[in-house]
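As structure tokens, the structure follows; a few thoughts come after it.
Note: hydrogens, waters and symmetry copies are ignored here, and every other heavy atom, side chains too, is used. Lettering follows sequence order; numbering is per chain, from 1.
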Amino acid sequence: MLNRYRFLWYFPSAFYKTQRMNPTLPIHDVLDDICTALETGLSAVVQAPPGAGKTTGVPLALLSASFLSGKKMVMLEPRRLAARAAAGRMAEMLGEKVGETVGYRIRLEKKVSAATRIEVVTEGILTRMIQGDPELSGIGLVIFDEFHERNLNSDLGLALTLECQGVLREDLRILVMSATLDAEPVARLLGEVPVITSEGRAFPVATHYLPLRKPTPTPWDIEAACARAVAKGLAEEEGDMLVFLPGAGEIRRVESRLRQMALPEQIDLYPLFGALSKEAQDKAIKPSPAGRHKVVLATAIAETSLTIDGVTLVVDAGLMRTSRFSPGAGMGRLVTLPVSKASADQRRGRAGRTAPGICYRLWSEGRTSTLAPFTAPEVLHADLAPLVLELALWGVTDPAELTWLDLPPEGSCQQARSLLQDMGGLDAKGRITAHGKAMARLGLHPRLAHMLLCAKEKKLGSEACLLAALLTERDPFTGNRKEADLRLRMEAMLPGSRREAALNPGAAARIKETMRQLATRLQIKGNPKEPRHSGRLLALAFPDRIAMARKGRPGHFQMASGSGAFLYETDPLAFEPFIVAADLDGNRQNARVYLAAPLDEELLKADHAHRMRREEVVSWNDSKEKVEAVTRHTLGAMILSEKRLAKPSPDAVTGALIQGLQARGIGLLPWNKTTRSLQSRVLFLRNHAGFEDLPDLSDPTLQETAAQWLAPFLIGVTRMGGLAKVDLAGALTALIPYPWHRKIDTLAPTHMTIPSGTHIPLDYGNGEPPFLAARIQQLFGLTDTPTVAEGRVPVTCHLLSPASRPMQVTKDLKSFWANTYPEVKKELKARYPKHPWPEDPLTAVATNRAKRKGK
DNA sequence: CTCTCCCT
């Protein structure tokens, strides 16, 4: 309070500026409400659209608030650029330099002093601040700006700050500022706190829907439609145009389409995306000279990060490219999705910043309601290794112990935990280790932090710092056909390198700064000398992405993780026997490698000896129809070497043989009439006669359980041919409990004797109720239908003519003799006059005579 | 046959 007062005494004009900073800004109307909410309560939510002036207005208005009682404010910004700019504007309004009352801290820059009351920081910095001092001493208020973006770090920052407020600092104020209408959930999370809403300030933008004709358009269709929309805009409207496309590829292709269309002479065409150099980006952003207009083809970078003044027409293809982390692969992959409604509105708003504008949307008005209302929060789809490490450092092993708007998903947390455990950063219970604490302190992705700490011990610290900086910052190589080799980038970064010209100077400067910062933190002296060890270093960070060339397929690799990876043959790395991939496109079967380094086989074996396994693999070779045995040295899914094994263990051989048998089918066993009959009779008794205690001898079950019942009978067999000698009857019999052995023949006899005295077979099919087939004459005198299974199941009778042709099928002989026989007799007597056709078949003598006598 | 954005 005192400082503030003295300051105003000396600089009354600053006071004037502060209080009247810009009374036309809408936020001005609600500043008193915000002060009151934080005086009377602990937290509040401010919901104000872009242009309301909240980023500068709110912190300045709170400078004299009594609840701060001399403590300072920290405001989070999602981007360095925004943090620097916000601090700059606020300082300017106070008539000061940055670093006095208002300062900022971002990764590589710090402008704060003892006098600083407002500290604007980027989101990662807050995490470091709160981890370093969980009480946030000297801080009275934490402001989360642009919270609607729901970045991973702001969600984490809020969770930790809430914990600090709830447990350690009952006077700590939290203010969440959000641009969209989704303020209610945050207000609930903060404890049913007030939501203060402000108007925005923007010009109206008229929306025109230009849907694509096809229901499922290809990228080609979208690019063509985009070019048409630009042409339409140029023909019908004046002013600068901003076109939103999902990525650099689409931008390049639409650009070449437009160039072929011969644009009006006064039009300049610029691409704009993150990987472009600062100079190229500036060209797209700077205002058009008088008499000229521009068309900027941009990714989502122009949605919030960069503003282009003077845009009055926006063309929105309605797509965004975003990363989805796959815990199984331990990698992210890029997907192209429809934008959310909030994003589409934000894009449209870009046409109304300086004057009324127009927005062309390349979809139908009806489809707008099918868009997701908001873009998914990053925590749901991100690599959570950094978050899990931070939580462990905070003392939390289960994220659910903290309060979140969206709980970090369990799958990603588990993957993160196991990666961190492999690296020794967490113990078996998920608690942080000394190594983990050192990792977290470095402010790098845990993989890179682990690499750095290990490299220091191998005296490769400075090389590792350069490598980590290269992988943290943007790729310093520009252009489309980049080689993947990280050594080339390291070489170019070394002082006095011939390759320096290939570098994007802005990116190179940042990499150098980052490298220096890391070296300072780790107390590593000396400069990196040469890039020879890059593969070895990368293997520490990405052990799962060590990859081995596939035989006979140049450019194709097998990764330790089990996935495939490839490089085009135009890249010299494609011919290396081993590489480590630092960056891949995330395709599960065959991922494109964007950044990698070669790895020396001897060093690989030396450094990763503890992870290598020697295993005996006995497997079935289906084409050679035999069991083969090898010893292998493996690293994850990679087979480093393989040798034939002379004497594999008998159990393994049997296992492999059974594997082969299961692949080929159980029919390969030496089945015969006896074994098939046993099988079908047991099946019949089990399935149709109620003897459920009998084992299931059906082919599918036998095949599935072969390892249990067949294995003891396979000793000494190594080839399919050897199966012919297997005692299948013995094996099947062994499956059936002993008391049943005799009973089966009684319950389900293989034959039965019929009145003619013949012993005729019963057919049980594949385990169905049995039938017998006999000529009618053989059955004379058989009054009732025969049965099996203690009389439970009748035997179906197939009645044949004297020529053994099927005549009738019946399960009820009594009824046949009484009703059907007289008709059959009439019919057959004419054709077979010499056979007996008695009036009363029940008392007639059965006969086996089939052929007519004589002749 | 060639990756969205951002941060410690």
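- If you measure from atom CZ of A/R324 to atom P of B/dT4, you get 15 Å, rounded to the nearest angstrom.
- Side-chain atoms of A/R105 never come within 3.5 Å of backbone atoms of A/V121 as a donor-acceptor pair (strictly under, hydrogens ignored).
- The nearest whole Å value for the distance from the CG atom in A/L334 to the P atom in B/dT2 is 14 Å.
- The only member of A/L245, A/D282, A/V243, A/I308 that meets side chain to side chain contact (heavy atoms under 4.5 Å, CB included) when paired with A/L272 is A/I308.
- For the pair A/L158 CG and B/dC7 P, the computed distance is 20 Å after rounding to whole Å.
- Base contact: A/T472 has a heavy atom under 4.0 Å from a base atom.
- Backbone-only engagement by A/R474 is indicated by non-hydrogen atom pairs under 4.0 Å involving sugar-phosphate atoms exclusively.
- The distance from atom NE2 of A/H450 to atom P of B/dT8 is 24 Å, rounded to the nearest whole Å.
- Looking at heavy-atom distances under 4.0 Å, A/I125 makes contact with sugar-phosphate atoms alone, never a base.
- Under 4.0 angstrom from either OP1 or OP2 of B/dT2 there lies no side-chain N or O belonging to A/R252.
- In the set B/dT2, B/dT8, B/dC5, B/dC5 carries the atom at the smallest distance from any side-chain atom of A/F273.
- Among the atoms of the strands shown, only primed sugar atoms or phosphate atoms (P, OP1, OP2) are found under 4.0 Å from some heavy atom of A/I301.
- Nearest-nucleotide positions on DNA chain B for A/R253 and A/E378 put A/R253 closer to the 5' end.
- When distances run from any side-chain atom of A/R592 to the nucleotides B/dT8, B/dT2, B/dT4, the shortest one goes to B/dT2.
- The side chain of A/A248 approaches B/dT4 more closely than any other nucleotide in the set B/dT8, B/dC6, B/dT4.
- Following rounding to the nearest Å, A/L518 (CG) and B/dC7 (P) show an atom-to-atom distance of 16 Å.
- If you check B/dC6, B/dT4, B/dT8 against the side chain of A/T122, the one that comes closest is B/dT8.
- For A/T336 and B/dT4, the shortest distance from a side-chain N or O to OP1 or OP2 is not below 4.0 Å.
- A side-chain donor-acceptor contact under 3.5 Å links A/S343 and A/E303.
- Within the structure, the salt bridge (Lys or Arg N to Asp or Glu O under 4.0 Å) test picks out the following pairs touching residues 141-153 of chain A (sequence neighbours left out): A/R79-A/E149, A/R150-A/D155, A/R150-A/D406.
- When heavy atoms are screened at a 4.0 angstrom cut-off, A/G443 is found touching base atoms of the nucleic acid.
- Between the C1' atom of B/dT4 and the CG atom of A/L272 lies a distance of 13 Å, rounded to the nearest Å.
- Taking the side chain of A/E250 as heavy atoms from C-beta on, and the options B/dT8, B/dT4, B/dC6, the nearest nucleotide is B/dT4.
- Closest to the side chain of A/R321, from the set B/dT4, B/dT8, B/dC5, is B/dT4.
- When rounded to the nearest whole Å, the span between NE2 of A/H445 and P of B/dC6 equals 18 Å.
- Among the protein residues, A/L442 comes within range of no part of the nucleic acid, since none of its heavy atoms lies under 4.0 Å from any strand.
- Between A/R441 and the phosphate of B/dT8, there is no side-chain N or O to OP1/OP2 separation shorter than 4.0 Å.
- B/dC7 atom P lies 17 Å from atom CG of A/D383, rounded to whole Å.
- Legend: residues meeting side chain to side chain donor-acceptor pair (under 3.5 Å) with A/D133, ordered by chain and number and at least two apart, are A/S137.
- Taking 4.0 Å as the cut-off between side-chain N and carboxylate O, A/D316 and A/R350 do not count as a salt-bridged pair.
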